Amino acid sequence: MSEKTLFTRIIEREIPADIIYEDEHCIAFRDINPQAPFHALVVPRKPIAMVADATAADEVLLGKLLLAAAQVAREHGHGDAFRLAVNNGAAVGQTVFHLHVHVLAGRSFSWPPG
Ligand code: 5GP
């Protein structure tokens, strides 16, 4: 069996995290190295490495992740202004290979992103 991802270890409470949302499909916790006043990660329980590895079977799950991201932003007072980011692959900065949606809010953001 392949080794558990860092985020699976957080989901299973082997590693502590500031968990702010949880349902049967996904979990959200604050990023350990926040890049905005509010910075959470929304993570599916299923350890898909990255978006490119998702399949048609994950179609509903991917939708649930976005809905959870919006809910988390809303619950923390950022329902009308938040940025979602998903890194896919080491070349664009992905460091944890368990799919996650960054939810960033509480400051202004430039476009295009760096
Ligand atoms: P990525 O670079 O893969 O898109 O994002 C990974 C994110 O996970 C980074 O923003 C990083 O700060 C965060 N992270 C890495 N290790 C931990 C950890 O142990 N706990 C928490 N809460 N966040 C982590």
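Whatever order the structure lists them in is the order used to number ligands and atoms, beginning at 1. Note that this is a predicted model, so its numbers are computed, not measured. Atoms considered below: every heavy atom in the structure, side chains included; atoms not considered: hydrogens, waters and symmetry mates.
- Counting heavy atoms closer than 4.0 Å to ligand 1, residue Asn87 contributes side-chain atoms (C-beta onward) but none from N, CA, C or O.
- Within the 4.5 Å cutoff, no side-chain heavy atoms of Phe7 are placed close to those of Pro44.
- Taking a 6.0 Å sphere around CD of Glu59, one finds it holds 12 or fewer heavy atoms contributed by other residues, nucleotides or ligands.
- For Gly93, a nitrogen or oxygen atom sits less than 3.5 Å from a nitrogen or oxygen atom of ligand 1, counting backbone and side chain alike.
- The closest non-hydrogen atom to atom 13 (C) of ligand 1, taken over Val96, Asp31, Asn88, comes from Asp31.
- Inter-residue side-chain proximity for Arg107 and Phe38 is flagged as unmet; no heavy-atom pair is nearer than 4.5 Å.
- Contact check for Leu41 versus Val101: no side-chain heavy atoms found under the 4.5 Å cut-off.
- Under 4.0 angstrom from ligand 1, the non-hydrogen atoms of Leu6 all belong to its side chain.
- Every atom of ligand 1 with a heavy atom of Asn33 under 4.0 Å away is listed here by number and element: 12 (O).
- With a 4.0 Å heavy-atom cut-off, ligand 1 is reached by the side chain of Leu41 but not by its N, CA, C or O.
- Close approach to Phe7 involves these atoms of ligand 1, each under 4.0 Å from a residue heavy atom: 8 (O).
- The distance from ligand 1 to the heavy atoms of Phe29 drops below 4.0 Å at these ligand atoms: 22 (N).
- For atom 5 (O) of ligand 1, the nearest non-hydrogen atom from the set Met50, His39, His100 comes from His100.
- Of all protein heavy atoms, the one lying nearest to atom 3 (O) of ligand 1 is Thr95 N, 2.7 Å.
- Contact of the Leu99 side chain with the Val86 side chain is registered, since non-hydrogen atoms from C-beta on lie closer than 4.5 Å.
- Annotation: side chain of Trp111 is in contact with side chain of Arg83 (closest heavy-atom distance under 4.5 Å).
- Formation of a donor-acceptor pair under 3.5 Å by the Gln35 side chain with backbone atoms of Asn33 is found in this model.
- Taking the six-membered ring where the residue is Trp, His102 and His39 present tilted rings, their angle falling between 30° and 60°.
- Heavy atoms of Phe97 found under 4.0 angstrom from ligand 1: none, in either backbone or side chain.
- Under a 4.0 Å criterion applied to the non-hydrogen atoms of Ile10, ligand 1 contributes the atoms 20 (N).
- Using a 4.0 Å cut-off between charged side-chain N and carboxylate O, Glu22 and Arg45 make a salt bridge.
- Among all protein heavy atoms, the one lying closest to atom 24 (C) of ligand 1 is Ile32 CG2, 3.4 Å.
- Every heavy atom of Gln35 sits 4.0 Å or more from the atoms of ligand 1.
- Using a 4.5 Å cut-off on side-chain heavy atoms (C-beta onward), Leu6 and His98 make no contact.
- Here the heavy atom of the protein found nearest to atom 22 (N) of ligand 1 is Arg30 O, 2.9 Å.
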